[in-house]
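Have a look at the structure below before the remarks.
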Amino acid sequence: MTYIQKERKWQEEWQKAKLFHSDPDSREKLFITVAYPYPSGAMHIGHGRTYTVPDVYARFKRMQGYNVLFPMAWHVTGAPVIGIAKRIEKQDPWTLEIYKNVHKVPEDELNKFTDPEYIVKYFSTEYREVMINMGYSIDWRREFKTTDPHYQKFIEWQFHKLKDKGYVGKGKHPVKYCPEDQNPVGDHDLLEGEGVAINELTLVKFKMGDDYLVAATFRPETIYGITNLWLNPDAEYVRINIDDENWIISKKSYDNLIHQKLHAKITGEINPRELIGKYIQNTLTDAEHIILPASFVDPGYGTGVVYSVPGHAPADFIALKDLKKNSELLDKFQLTHVIEKLEPISIVQLKGFGEFPAEEMIEKLGVKNQNDPKLDEATNELYKLEHAKGVMKNIPDFSGLKVPLARDEIIKKLLDSKKGDVIYDFAQRPVICRCGTECVVRILEDQWFLKYSDETWKELAMDCLDNLSIVPEEVRANFEYYLDWLHDWACTRRLGLGTRLPWDKQWIIEPLSDSTIYMAYYAIAKYMKDVDAKALDDSFFDDVFLDADKYSGKIDPDLFSDIKNEFNYWYPLNWRLSAKDLVGNHLSFHIFHHSAIFPREKWPQGIVVFGMGLLEGNKMSSSKGNVILLQDAIKKYGADVVRLFLMSSAEPWQDFDWRENEVKGTKKRLEWFSEFSKRIEELKGSPLSLKSYKPVSDVEMPINSWILNQVNQRIKDATEALEGFQTRKALQEALFLFKKDIDYYLRRIGDEINPEISNVLVYILENWIRLMSPFVPHTCEEIWKDIEGEGFISEAEWPEYDEKLMDEKIRKAEEIVQGLNNDINEIKKIIGSKPEKIHIYVAPDWKWHVLELANESSKTNVGQIIGQSIKNNLHNDKKELADYVKKIARMMTKMKYVGKLDEYSIIKDSQAFLSKEAGAEVIVYKEPTYDPQNKSGNATPYKPAIFIETD
RNA sequence: GCAGGGGUGCCCGAGCUGGCCAAAGGGGACAGGCUUAGGACCUGUUGGCGUAGGCCUCCGUGGGUUCAAAUCCCAUCCCCUGCACCA
């Protein structure tokens, strides 16, 4: 059988035995969930890590005796698959390429992908298959998808609850929008302009006859410093009608504005050249300002109309300067006389600058003219400075106010008096949709919000966070930051799969908002196939989840009470696992919604955050084709190798890097492990069976004591690591270091085999399989069966370390042997000739006594130790004593004193080993009866002296 | 910009409640053993020097605290991630 077939066999065995069906019983429960996947593509090794971590933890806890629930479902809510289906229908080459070659969808299946429902069905089926092939211990009876009618009832209930508590509100909201698709777009829908922010601009209306010339600005407070208006004489302008007013703006800006002012209509064209030289009236000051030409005005940004504040805006200053020099243009528009009178007006006091900061900024950066690229830098710099430190001056109501404050006041004044308005625009252009269309900012009216800004709600969420375990603890600060920062979240969409907002059916609840407390739904999901969705009214959920508002529907009372008990058994959720980029939304929402809906004792108890996946050092990304599909990895290496690699190469919250070479190394390591039992059989010369094995308590041989010490230490450390989700550390202990110990042990016992050793070997194997079982369950089942273990290893007990088998002295004793071995090696290398005999001298008793003395005194005081040694008559040769004390004074800080050891016996016992390693006869002396080069004096406790005799 | 995390030997990475740290483990490279050979496996080496187990240098950079610093403090440079309506 190939390894794949073996793995399949065990997966089937587990299923047959219903090993992972978890139902309430008398054991302590453990409920762990991981973010359910959005099945819009194939599962790659990055997903593999995400789902393997909870599986390993679930298996570990199961072996510890917990009743563990690890469920799975499909998050099919949302718009992306709709976009995908459309693009497939349009035969978009990029999309087809990705789905054919990255997600490896067969041609005949791909044809059906014009139906979004089919896409999620296809991939969720595939996901389930891959998850089973990975050996995940999921209770599949609880599987559901978020568009199931039962789940939708649950979501409706949830939103009713939130609305009742006043946490749902209504308002307007600007979004990135694709006019072609007629739908809001997220960053992942963009070809260009990812991460571009939406800025709010203030519109200021300047009266000119029956029309308004409408300028857009980030800095409405500078309205008092206006000297003129700018139009681009080479751009097209139009007159539009909007709410009984006539506005003049650029034609290009109208295309954007129409998405925010839905009733605006073009009523005529305007030639900007005809406006130049005319006057408008300042909205707030009633002053008259002339309209002037400027090439820097971008007709596509804002409204294409700009008011000029040369005192505080570098662009305006330099444009005015340019114009004054441009006699040709001035003649053309007959402006020569008026322009001479235009001088900047100072209205913001800025520390470190004089009257006109704009002028200084231009000089500082050496901006040459209005088309100089450095102009942007000057503008941004001054904008930031004046915003942060500027104070208004020389103007009526606002002098002395800080700039941001004045800005808010002036915006309010403009809006209240209808002399201004608000418009949104992108911070950068262009923003282009995947369909190729340039996006705009659109205002969504009647948008529903979840009011995360609500103070009471925030406090509840913070409270919930305070009582939450977070792995790793460092991201707690992140959570605090996000919970505080989150404001109102638009929770409904026009488009996409999902649940309709129960009280306003034109809206669909947005995917991040319908996936916040669904973990509770797992508890009841397994009953839903016997229940008509229509029977699930709000009273049902109120009764099941909140023990309130008694259920009045048609479900059989016994069944109902089972459902309710089941929920109360599993909840609260012990662990929630999710990727780290979801800290700011999904995981925070998870906290918010639980704290809003459930009583305190049902609040979540722990969160684990994942890192990202790299592929040979590069970021993994399906859309860039830089992924390895999980099913391909399984085919190539087997599920256990994939699991083992994913769990051992990085801790869950760190980024892991899939490197083919290291994966191969992992494979070899696993093979070594799975063949270990055969090696033991060979050593023993008889088949292994756990049935004939006697538990180890006392052993005679020191090396056996040592390996028992090591095994128990590894068990202890691996267990502690797993408790904290440190899969990498756990595997360092349970696999790599464990193997190192075994390698050494086997070398150390040489060819010797006796009943004690063979029993110890079985002990090692038995514990090792148990430790490795959560990580490589298939391999372990296979070995477990071979050695006649009872039942499944997946159900076997997790090993517990035995304090009695652990002893520092045992370890130290072996360290002496290892140290000798290393030192002999090193000396051999230095002297460069073959040793004949190796003489080893142990430290005399008096050295132990002095060391003990030194160890007892808190600080290493050389003089004091010598004095005490003399006083206690420890040694007669004072010079030797003093030298020795100086030596150990240095040593003391570098070693741990564990008490006196019988070095002679220790070395005697390892004599054969040392001799074999060194390739020379080894002689141990209690007393230096033969010591031609006086090496014995070098002996210190834990470090016997060596004399190598050559020739 | 704001917030969070990080810079360790050829590479990845542990260590970072100060002292068994020239620094775990893996990968790679080199040497030896085994083998007909290769592979696999095992052992050793992989900062420098050294004919005796030692010494010197070293954990982004500069300074400081301390008997003692990769580990603590200050400054500085660089890198990564998130900042929303999207799963």
Side-chain angles (χ1 to χ4, degrees), chain A residues 35 37-41 75 77-81 173-176 184-190 195 197 384 444 447 449-450 472 474-482 485-493 510-513 515 579-586 588 611-612 614 617 619 648-651 653-657 659 661-666 668-669 671-672 675 679 728-729 731-733 735-737 739-740 743 746-747 812 815 819-820 822-833 859-860 891-897 917 933 935 938 942-948 950:
Chain A
Y38 182 75
S40 66
H75 193 203
T77 326
V81 282
H173 188 65
V175 292
K176 285 180 194 165
V185 288
D187 268 353
H188 58 284
D189 292 320
L190 297 178
K384 273 186 222 159
L444 294 184
Q447 174 67 43
F449 290 93
L450 285 166
E474 292 87 73
V475 298
R476 183 179 295 278
N478 258 322
F479 274 104
E480 282 166 1
Y481 171 80
Y482 280 115
W485 168 84
L486 273 167
H487 35 273
D488 294 351
W489 175 269
C491 61
T492 52
R493 296 289 172 275
E510 169 278 330
L512 283 166
S513 306
S515 57
K580 73 174 161 199
D581 48 336
L582 296 182
V583 168
N585 47 49
H586 165 70
S588 293
M612 309 272 144
L614 303 177
K619 202 172 171 178
S648 68
S649 68
E651 300 294 5
W653 47 92
Q654 298 173 324
D655 295 350
F656 75 90
D657 191 358
R659 293 180 181 229
N661 246 337
E662 309 227 359
V663 179
K664 283 180 191 153
T666 305
K668 283 190 230 162
R669 210 43 67 108
E671 281 163 3
W672 196 99
E675 278 158 21
R679 291 185 60 184
R728 178 189 152 91
K729 180 155 193 239
L731 275 170
Q732 280 299 326
E733 296 293 338
L735 180 60
F736 297 97
L737 296 175
K739 177 187 177 295
K740 226 189 151 197
D743 278 337
L746 293 176
R747 190 149 57 99
K812 193 78 183 179
E815 274 173 21
L820 270 173
N822 291 339
D823 286 346
I824 291 168
N825 246 327
E826 193 167 342
I827 298 167
K828 268 167 68 183
K829 219 171 53 193
I830 293 164
I831 62 175
S833 49
K859 261 190 184 170
T860 333
M891 273 173 56
M892 285 306 287
T893 60
K894 287 206 161 195
M895 66 161 200
K896 191 174 174 189
Y897 182 74
E917 292 282 312
Q933 285 192 18
K935 296 289 187 192
N938 290 336
Y942 305 137
K943 202 167 175 62
I946 301 165
F947 166 52
I948 294 186
T950 51

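So that the names make sense, note that chain A is the first sequence line, chain B the second, and so on, each numbered from 1.
Using modelled atom types and a 3.5 Å distance limit, the side chains of A/Glu510 and A/Trp489 yield a donor-acceptor pair.
Nucleotides B/G4 and B/C41 are separated by 46 Å at their C1' atoms, to the nearest Å. For the C1' atoms, the distance linking B/C79 with B/U8 amounts to 15 Å, nearest Å. B/C86 and B/C11 have their C1' atoms separated by 36 Å, given to the nearest Å. Using C1' as the reference atom, B/C2 and B/G28 are 41 Å apart when rounded to the nearest Å. Using atom C1' as the reference point in both B/G9 and B/C58, the two lie 9 Å apart (nearest Å). Nucleotides B/A40 and B/A29 are separated by 10 Å at their P atoms, to the nearest Å. Taking the P atoms as reference points, B/G50 lies 15 Å from B/U46, given to the whole Å. B/G7 and B/C12 have their C1' atoms separated by 14 Å, with the value rounded to a whole Å.
Rounded to a whole Å, the CD atom of A/Glu675 is 9 Å from the C1' atom of B/A40. Across the protein-nucleic acid pair, A/Asp655 atom CG and B/G7 atom P stand 13 Å apart, rounded to whole Å. Following rounding to the nearest Å, A/Asp581 (CG) and B/G5 (P) show an atom-to-atom distance of 17 Å. One can place CG of A/Asn822 at 7 Å from P of B/U45, the figure rounded to the nearest angstrom. Put simply, CZ on A/Phe736 is 12 Å from C1' on B/G13, counting in whole angstrom units. Here B/G4 presents its C1' atom at 10 Å from CD of A/Glu474, a figure rounded to the nearest Å. One atom, CG of A/Leu512, and another, P of B/G82, lie 15 Å apart when rounded to the nearest Å. In this entry the distance linking CD of A/Glu826 with C1' of B/C49 reads 12 Å, nearest Å.
Of all nucleotides listed (B/C20, B/U43, B/A87), B/C20 comes nearest to the side chain of A/Met895. Among the nucleotides B/C20, B/U43, B/A87, the one closest to any side-chain atom of A/Lys812 is B/C20. Comparing B/A87, B/A52, B/A24 by their nearest atom to the side chain of A/Lys740 picks out B/A24. Proximity note for A/Lys619 (side chain, C-beta onward) versus B/G53, B/U81, B/C42: the nearest is B/U81. Across B/C86, B/A87, B/G25, the shortest atom-to-atom separation from the side chain of A/Trp489 is found for B/C86. Nearest to the side chain of A/Phe947, among B/G5, B/A52, B/A40, sits B/A52. Nearest to the side chain of A/Ala945, among B/A87, B/G25, B/G53, sits B/G53. Considering only the side chain of A/Gln933, B/A52 comes nearest among B/A87, B/A52, B/C86. For A/Tyr481, taking side-chain heavy atoms from C-beta onward, the closest of the listed nucleotides B/G54, B/G82, B/C42 is B/G82. For A/Asn661, taking side-chain heavy atoms from C-beta onward, the closest of the listed nucleotides B/G28, B/U81, B/C86 is B/G28.
Not one side-chain nitrogen or oxygen of A/Lys664 sits closer than 4.0 Å to the OP1 or OP2 atom of B/G27. In this model, the phosphate group of B/A31 is not approached by any side-chain N or O of A/Lys829 to a distance below 4.0 Å at OP1 or OP2. Remark: A/Arg747 is not in phosphate contact with B/C42, judged by side-chain N or O atoms under 4.0 Å from OP1 or OP2. Using a 4.0 Å cut-off, some side-chain N or O of A/Gln654 falls inside it from OP1 or OP2 of B/A14. A close approach under 4.0 Å does not occur between any side-chain nitrogen or oxygen of A/Lys828 and OP1 or OP2 of B/A52. Checking the phosphate oxygens (OP1, OP2) of B/G28, no side-chain nitrogen or oxygen of A/Arg659 falls inside 4.0 Å. Contact annotation: A/Trp672 reaches the phosphate of B/C42 (side-chain N/O to OP1 or OP2, under 4.0 Å).
Along RNA chain B, the nucleotide nearest A/Arg728 and the nucleotide nearest A/Gly78 are compared for position; the residue whose nucleotide lies closer to the 5' end is A/Arg728. The nearest heavy atom of RNA chain B to A/Asp488 and to A/Pro944 marks one nucleotide each, and the one closer to the 5' end goes with A/Pro944.
Between the side chain of A/Asp657 and the main chain of A/Gly617, a donor-acceptor pair closer than 3.5 Å is present. Between the side chain of A/Glu651 and the backbone N or O of A/Lys729 there is at least one donor-acceptor pair closer than 3.5 Å.
Looking at heavy atoms from C-beta onward, A/Lys580 lies in side-chain contact with A/Asp655 at the 4.5 angstrom threshold. Counting heavy atoms from C-beta outward, A/Lys943 and A/Asp823 have side chains that approach closer than 4.5 Å. Taking 4.5 Å as the limit, some side-chain heavy atom of A/Leu746 sits within range of a side-chain heavy atom of A/Arg679. Looking at A/Ser648 and A/Phe736, their side chains come closer than 4.5 Å, going by heavy atoms from C-beta outward.
Among the heavy atoms of the strands, none lies under 4.0 Å from A/Leu820. Among the protein residues, A/Lys943 comes within range of the nucleic acid bases, having at least one heavy atom under 4.0 Å from a base atom. As judged by a 4.0 angstrom heavy-atom cut-off over every strand, A/Asp743 is placed among residues touching the sugar-phosphate backbone only. Counting non-hydrogen atoms under 4.0 angstrom, A/Ile824 reaches nothing in the nucleic acid. Using a 4.0 Å heavy-atom criterion, one finds that A/Ile948 contacts the bases of the nucleic acid, with or without backbone contacts as well. Among the protein residues, A/Ile831 comes within range of the nucleic acid bases, having at least one heavy atom under 4.0 Å from a base atom. Residue contacts for A/His586: at a heavy-atom cut-off of 4.0 Å it reaches no nucleic acid atom on any strand shown.
A salt bridge between A/Asp743 and A/Arg747 is absent, with no side-chain N of the basic residue lying under 4.0 Å from a carboxylate O of the acidic one.
When every heavy atom of A/Val81 is checked against every heavy atom of A/Gly78, the shortest pair comes out as CG2-O, 4.5 Å. For the residue pair A/His173 and A/Phe449, the shortest heavy atom distance occurs at CB-CZ, 3.6 Å.
The partner of B/U51, taking Watson-Crick or G-U wobble pairs whose two distances both stay under 3.5 Å, does not exist in any strand shown. Pair assignment for B/G28: B/U46, on the basis of Watson-Crick or G-U wobble contacts that are both within less than 3.5 Å. Across all strands shown, the partner of B/C41 is B/G33, judged by Watson-Crick or G-U wobble contacts whose two distances both fall under 3.5 Å. In this entry B/G82 has B/C2 as its Watson-Crick or G-U wobble partner, both defining distances falling under 3.5 Å. Partner assigned to B/G62 is B/C74, using Watson-Crick or G-U wobble distances below 3.5 angstrom.
If you check distances only, the side chain of A/Asn478 never reaches the base of B/G4 with a donor-acceptor pair under 3.5 Å.
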